[in-house]
Structure formats: structure tokens, C-alpha cells
Amino acid sequence: MRNTIGSEGKFRRPSPGPVDRVLIIGSWAKAQITIENIKRTSGAEVFAYTEIRNPGILRLADEYRLGSLSEPSGMVDYARSISADLVIVTTAGPLSLGVVNALEEVGIPVFGPTRGAARLESDKSFARELLRKHLPAAVPEFRVFREVEAAVAYAESLDWRVAVKPTGLTEGLGVKVYGDQLGGGPEVANYIERVLQKRIYGSGMVIVEERLEGEEFTIQSLVDGLDLIVTPAVQDFKRLLPGDRGPNTASMGSYATAGSLLPFLEPKDYEQARGIIRKTLEAFQIETGCECRGFLYGQFMLTRKGLKLIEYNFRPGDPEWLNTMAVMKDSVLEVITGLMNGNLREPEFENKASVCRYLVPPAYPREMNQILDVSFDEDKIRRLGASVYYSCGRDTAGRLNVGSERGIALVATGETIARAREKVEQANELVEGDFHCRDDIGSEEQIALIMEHVRGIRR
Ligand code: AMP
Ligand code: GLY
């Protein structure tokens with residue numbers, strides 16, 4: 001057992017001994033696939049704490065508790081009642097409410113950040129200022145404002161080519177970018193005013209930053225203090241419609257290639273991204289005395305001005321974690337306990353590509369809380385070499401209700417992206433009903449366009 005001194009009141013963060021009973025917190029597909037890996041690769045009993053009746057989680061977990069993710073005491077009570085040896089948090093909501101602190105106070109080791117560390121995700125101005133001080137080349141120009149007039153003047157000085165970001169957690173909906181969600185100067189000014197005067201996202205502060213142009217990708221890592229495991233890069237697609245058109249969603253799907261890179265990434269890009277994450281952990285420790293622990297999700301953009309960090313999340317990505325877990329050979333439980341105990345061991349990944357495609361209700365994301373009216377035979381899908389993961393719940397009438405999330409994810413691996421996509425396509429054909437999906441994700445045409453875009457950036 002190893003104890004690390006965190007800053008938060010010089011509290012000793014507990015690390016796990018042998019893990020016979022592990023509790024996974026989270027309601028969606030990324031929690032399901034984490035449970036699936038642990039059931040497949042270890043003898044541990046797996047408990048789930050979920051806000052909804054996710055059919056995948058309910059089927060896989062040895063036992064589960066339905067409860068609110070906005071109230072740490074429910075999670076602490078459940079973890080205690082099952083004598084959890086370790087808790088793994090896969091979702092952001094409860095982190096800034098201090099669920100990790102609350103669990104550690106009763107002596108339960110947790111893979112997740114304390115409330116202080118979760119600021120890297122929940123307080124965008126803190127994260128941006130930290131990076132500007134320690135990694136200035138990795139952040140765009142930005143300023144943080146409380147006053148509308150000054151914020152609007154700054155946006156105008158950048159020709160309105162800005163991203164406007166409320167500083168707190170906005171469930172992926174608060175960031176609006178000139179040319180995408182904001183049509184021109186008046187819309188930029190109007191949105192700044194709404195964020196600051198109407199406090200639509202709470203904190204009454206806004207970041208106005210230079211709009212970047214480039215190609216985005218995700219690198220997810222598992223971190224503890226300065227120890228870092230970086231997983232293969234994944235690219236996800238947030239726009240609703242093929243060809244990256246339409247409104248933003250929580251993501252319609254993703255792909256990853258065999259190995260760590262993406263078709264448009266060079267080893268030096270990947271190494272640079274790893275360096276940015278490593279340096280962030282150091283900077284965080286220097287500035288706060290606090291240690292980071294948990295899944296750290298880095299959203300990067302390759303631009304003409306180099307590699308930029310768009311944001312960090314202290315959780316695995318959805319769908320990116322599905323790509324990562326689909327090829328992880330090792331037990332994620334062993335990887336996490338090794339990391340927490342100072343025995344870092346790089347996990348092995350199958351040398352395969354993967355594709356994930358989300359099927360969502362036709363009115364998504366315009367309307368939430370929709371029924372996803374589909375039927376399919378999961379065994380048949382599995383026989384094709386694909387899997388179904390749920391980011392939705394089953395209601396008492398047996399229907400899939402997406403609530404505040406999306407729908408079902410079809411995931412497959414293959415020697416190439418094309419082969420993985422073909423399996424997803426075949427699985428998709430077995431799903432009947434009323435749904436929307438993007439069939440261009442991982443297609444040759446899509447990747448050719450991305451390559452062309454990146455050639456332009458590197459020129
Ligand atoms: P965030 O919530 O910070 O990840 O932002 C959501 C999305 O907004 C990102 O995935 C980007 O596509 C976009 N975005 C954020 N910041 C910028 C920026 N400075 N320039 C262009 N797009 C941005
Ligand atoms: N794929 C987007 C996210 O998990 O934030």
C-alpha cells in the first residue's frame with residue numbers, strides 16, 4: 001500500500017490493496033465497457049452505481065444501486081455498504097461535488113480526482129491560466145472577463161473570430177464558436193452578454209479566446225501524481241450530420257487506427273501531446289500542491305500555429321473510451337491499481353483499428369428525453385464481431401429512453417478502419433426502427449478529406 005500526500009489538508013490519499021470488490025460510478029456506455037473489461041479480465045466482484053437503468057450495466061454488474069450522481073452521500077453509503085476495496089469514477093458530475101474527497105474521508109481508495117483537482121475540468125479559467133503560465137505555446141490567446149463591455153471589445157479586437165466559453169461545467173453545451181454556432185459579431189456580443197448578465201451557466205465569468213482552425217483529436221490518459229499512462233489517439237465527431245454539418249452533439253461516433261496514431265498524426269504530434277499532459281500534471285502540482293488522479297481526457301487541435309490543447313476532462317471520453325477499451329488486452333483494474341500503487345505498467349493493446357457509431361433518436365439533440373424506438377438481437381450483432389453499448393436507460397415499459405444522453409453505440413474492431421467500419425455497418429443493418437446515425441465515420445472519403453485538411457495545415 002502506498003500513501004500519497006495530497007495538498008487538501010495534507011490528507012493521505014488511500015491506495016488500494018488487493019481488490020476483490022470494485023465499485024464503478026457512472027451511467028453510460030463508458031461505465032458499461034469498463035465493467036465488461038473487469039468482468040472479463042479479473043475475478044473481482046463488480047458493483048455499479050448508476051443514475052439510470054442502463055441495460056448493459058444492469059446485465060454485467062454483479063450488483064447495482066440506482067441513485068443520484070449529484071449527491072455524494074448516496075455513493076459513499078453504497079460504497080461502504082458493499083465494503084468496496086476501490087471505487088472508479090467514470091463520469092464528471094460528482095467530481096466537482098467532492099465525491100472523491102467524501103469517499104477518501106471514510107478510507108475508501110478512489111480512482112478519480114479530488115474536488116480541488118477536478119478544477120482542471122470544472123473551472124476553465126483556472127485550467128487556461130495554468131497552461132498559459134507553464135505551457136504558453138499550447139494555448140490560444142485568451143482573456144477572462146466579468147464585464148460585458150470589456151469582453152465584447154476584446155472579441156471585436158480579434159475580428160470576432162473567437163470562441164466564447166462560460167468558465168464552469170456546461171455539459172458540453174456552453175462553448176460557442178464564431179463561424180459555427182455564432183454567425184457574426186452581433187451574435188458573439190449577444191452570447192457574451194447572455195453568459196455574463198443572465199449568468200446562464202452560473203459563474204458569471206467568460207473566456208473569450210482566439211478561434212483556432214485545425215483538426216481535433218483526443219488523447220486519454222490515466223494519471224496518478226506525475227505517473228502517466230497515455231492511450232492510443234482517437235478521433236470523435238460531434239456534428240450531427242455527415243460531412244461535419246449540423247449542430248453539435250455529445251458525439252456521433254469515433255474511430256481509431258491500429259497503433260497509437262491516427263492517419264493524420266505523426267509520432268512527434270503524439271509525443272508532443274504526451275509532453276503537454278505530463279507538463280500539466282507538474283504545473284498543477286507546483287501551483288496547487290495537489291495531485292491529479294484519475295482518467296484525464298485531453299482534447300487537442302493540430303493547427304498552423306502548432307499543437308493546441310482545447311480542454312481537459314477528468315473522465316474517459318464517450319465514445320473514445322469505447323475505442324480504447326475495445327483493443328485493451330489487459331485488465332483495466334490491474335492497470336489502475338498498479339498505477340495507484342506506484343507500479344506503473346503500460347497496458348498492451350491489440351494492433352487493431354476500431355469504429356464506433358451512435359444510433360440516436362431522430363429528434364436528437366433538438367429534443368432530449370426521447371425514446372429510441374429500435375429493436376435488435378444483441379447475440380446476432382456479437383456474432384458479426386460487433387458489440388452494443390448503452391448510453392440510455394430502459395424504462396418500466398421496456399423502451400430505451402435516452403434521457404439527457406444519446407442512444408446506443410455500435411463498436412467493432414478490425415485490421416483496418418475499413419474492416420471495422422464494415423462490421424459496424426453490418427451490425428447497423430440488423431437494427432430495425434426509427435433512428436438517426438452518421439454513416440460517414442471512418443469511411444475512406446472522410447479520412448481522405450481529413451488528410452487533405454491536415455496537409456493544408458502542415459504546409
Ligand atoms: P470545449 O468544451 O472547450 O472542449 O469546446 C467544445 C468544442 O468547441 C471543441 O471540441 C472545439 O471543437 C470547439 N472549440 C473550443 N475552443 C475553441 C477554439 N479556441 N477555437 C476553435 N474551436 C474551439
Ligand atoms: N467525446 C466527447 C467527450 O467525451 O467529451
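We number each residue from 1, following the sequence as shown. Remember, it's 1-based here, ligands and their atoms both numbered in the order they're listed.
- For ligand 2, the atoms closer than 4.0 angstrom to any heavy atom of Arg315 are 3 (C), 4 (O), 5 (O).
- Contacts between Glu213 and ligand 1 below 4.0 angstrom, taking non-hydrogen atoms only, are absent altogether.
- To the nearest 0.5 Å, the span separating CZ on Arg53 from SG on Cys392 amounts to 13.5 Å.
- Polar contact with ligand 1: absent for Ala163 (N/O pair, distance under 3.5 Å).
- When heavy-atom distances to ligand 2 are checked against a 4.0 Å cut-off, Gln299 has no atom that comes that close, whether in backbone or side chain.
- For Pro55, the side-chain contact (heavy atoms from CB on, under 4.5 Å) partners at least two apart in sequence or on another chain are Tyr390, Arg394, Leu400.
- Side chain of Lys238 to main chain of Gly253: no donor-acceptor pair is present (N/O by atom type, distance under 3.5 Å, no hydrogens or angles).
- Residue Lys124 has at least one heavy-atom neighbour below 4.0 Å for each of these atoms of ligand 1: 1 (P), 2 (O), 3 (O).
- Between Phe126 and Phe284, the ring planes lie perpendicular to each other; the angle is over 60°, past the 30° to 60° tilted range.
- Listed by number with element, the atoms of ligand 1 under 4.0 angstrom from any heavy atom of Ile310 are 3 (O), 4 (O), 9 (C), 15 (C), 16 (N).
- The shortest N/O to N/O separation between Glu320 and ligand 2 falls below 3.5 Å.
- Checked against a 3.5 angstrom limit, the closest N/O atoms of Glu311 and ligand 1 fall inside it.
- Residue Ser251 places no N or O, backbone or side chain, under 3.5 Å from any N or O of ligand 2.
- Within ligand 2, counting atoms from 1 as listed, the ones closer than 4.0 Å to a heavy atom of Asp236 are 1 (N), 2 (C).
- We find that Lys133 and Glu129 are not joined by a salt bridge, their nearest charged nitrogen and carboxylate oxygen being 4.0 Å or further apart.
- Heavy atoms of Val177 found under 4.0 angstrom from ligand 1 belong exclusively to the side chain.
- When the salt bridge (Lys or Arg N to Asp or Glu O under 4.0 Å) test is applied to Asp330, the partners found at least two apart in sequence or on another chain are Arg345.
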